[in-house]
Number of protein chains: 2
Amino acid sequence: MAKMGRPRTFDRQKAVMQAMHLFWEHGYEMTSLSQLKANIGGGISTPSFYAAFGSKEELFNEAVQCYLETYACVTDSLWDDEIPPRDAVELALRRSTKMQCESGHPKGCMVSLGTMSAPTPELTHVVEPLTASRSRTLQGFVRCVERAIAMGELPKKTNARSMGISFNSFLLGVSILARDGVDASDLDASITELMKLWDIAVCQPK
Amino acid sequence: MAKMGRPRTFDRQKAVMQAMHLFWEHGYEMTSLSQLKANIGGGISTPSFYAAFGSKEELFNEAVQCYLETYACVTDSLWDDEIPPRDAVELALRRSTKMQCESGHPKGCMVSLGTMSAPTPELTHVVEPLTASRSRTLQGFVRCVERAIAMGELPKKTNARSMGISFNSFLLGVSILARDGVDASDLDASITELMKLWDIAVCQPK
DNA sequence: TGACTTATAGACTACTCGATACATAAGTTC
DNA sequence: GAACTTATGTATCGAGTAGTCTATAAGTCA
């Protein structure tokens, strides 16, 4: 059974993706309704926008959800117990960095850059999914180190949280460096450096 | 000789500092004139604002200059040739991280977070001093590694740019973690981890 | 004192923000 | 066909944006 009523003149799912790119680029507050409307299906009117998405905030939530289900999956390896923990960490770093430098979408990570997306206290709840995602990624890095300790790959005295924070902080910084135009190859080479942190921890006396 | 004309009712230098804190917290675009006016000397009028500072952009420039001359000095060790290069890197990381977590001012680094401060192309020139400062800090880290290589502390085959990017990316990430409320002690411990990157490079075969 | 200089306060400009009312167009269902 | 449902276009809302105009207050200098 087909849907009733006058059909929409634009592709709603495509519109959410376009909105995601705008929010990714400029953040929540700095992306205006005019921008969003202009970039959806070659330009739509205000009532069409509200009929389709409810409000700017609701569209943002959809856009964030869309990001988390697609681009943000580059760090999924952190929760994959079938991958050796060192590989899981390295894979997350390399995949995320590669994605952040890709062309075809804004540079950097929408989740990381979302820190400055809603600077006022009233808007904290809007970016809550981004905050939660950052927290989850940090936990993912820590988890991999803990898994390596449990497996006996890393010594028991290894400080999992400190190591996790090191990897995570590096990755957060990549968003800013990618925005500043640092080459993907340079960032990838620095991951090779960073992974030595893991290797030296392996050699540490028990 | 005293200054002519009606005296200002607020401390101009203090006002620049207050503006700096606001821009630091919310970024350039997201800090409104109303906020700035309300937070200067217990509240000033619009004409007073423009008489004293010229425009929002000019005040921002002064605020950035103020930041660079004060808080941003935490990384000065990177250019101090009297400090051994490893110490210079560690000092920059620890001082900056400590500063970013201090109370009494916004969390994180104004320069790092400035990436999202002016998301539109027309505003690129406004945040240019911040962009330049980020570039300079990256060069500072690379420079320390190069200095260590020249001194024979690190092997000649060390990739200075990769190592520099690793340290710098970590430090950029600290701004986001500090905003997310990660403890200063946890960040400091992760610096201890990160510095092992240097020590393993020292042990590398020539 | 009077001329000069500077800062102040209140009112106002043109513009953009997110969001809404109302009438109409374009489909499906009966 | 008529009833129903949904999307669209025009016009508009009140609030907030950065910034300006005009008049006045408060100081220094001769």
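Numbered from 1 within each chain, the chains take letters A, B, ... in sequence-line order. Fair warning: this is a prediction, and the values are worked out from it, not measured in the lab. Any value given below was found using the heavy atoms of this structure, including those in side chains, with hydrogens, waters and symmetry copies removed.
- Ring-plane geometry between B:His105 and B:Trp24 is classed as parallel, the angle between the planes falling under 30 degrees on a 0 to 90 degree scale with a further cut at 60.
- In this pair, B:Phe10 and B:Phe53 present their aromatic rings tilted. The plane angle is within the 30 to 60° band.
- When rounded to the nearest whole Å, the span between OH of A:Tyr50 and C1' of D:dT6 equals 19 Å.
- In this structure, B:Thr9 does not reach the C:dA7 phosphate: none of its side-chain N or O atoms is under 4.0 Å from OP1 or OP2.
- Shown for residues 30-42 of chain B: residues whose heavy atoms fall under 4.0 angstrom of DNA chain D, namely B:Thr31, B:Ser32, B:Leu33, B:Ser34.
- Summary of the strand contacts: B:Phe49 and B:Gly5 both lie near DNA chain D, and taking for each the nucleotide with the nearest heavy atom, the more 5' one is attributed to B:Phe49.
- Side-chain N/O atoms of A:Trp79 and A:Gln139 include no donor and acceptor closer than 3.5 Å.
- In this structure, B:Phe167 and B:Phe141 have parallel ring planes: the angle between them is below the 30° cut-off, well short of the 60° mark.
- Residue B:Ser48 places at least one side-chain N or O closer than 4.0 Å to OP1 or OP2 of C:dT8.
- Straight-line distance from the CE atom of B:Met4 to the P atom of C:dT6: 6 Å, rounded to whole Å.
- Nucleic acid contact class of A:Pro47 (heavy atoms, under 4.0 Å, all strands): base.
- Between the CG atom of A:Asp11 and the C1' atom of D:dA7 there is a distance of 15 Å, given to the nearest Å.
- We find that CZ of B:Phe23 is positioned 12 Å from C1' of D:dA18, with the value rounded to whole Å.
- Atom NZ of A:Lys56 is separated from atom P of C:dT16 by 16 Å (rounded to the nearest Å).
- Remark: the A:Ser96 side chain and the A:Gln100 side chain contain an N/O donor-acceptor pair separated by less than 3.5 Å.
- Counting any heavy atom pair closer than 4.0 Å across all strands shown, B:Phe53 reaches no nucleic acid atom.
- Atom CD of B:Glu29 and atom C1' of C:dC15 are 14 Å apart (whole Å).
- Going from atom CG of A:Leu123 over to atom C1' of C:dC17 covers 13 Å, rounded to whole Å.
- If you check distances only, the side chain of A:Arg6 does reach the base of C:dA25 with a donor-acceptor pair under 3.5 Å.
- Side-chain atoms of A:His125 and A:Glu57 form a donor-acceptor pair, as typed in the model, at a separation below 3.5 Å.
- Because its NZ or CZ atom is both nearer than 6.0 Å to the ring centre of A:Tyr28 and within 45° of the ring axis, A:Lys56 counts as a cation-pi partner of that residue.
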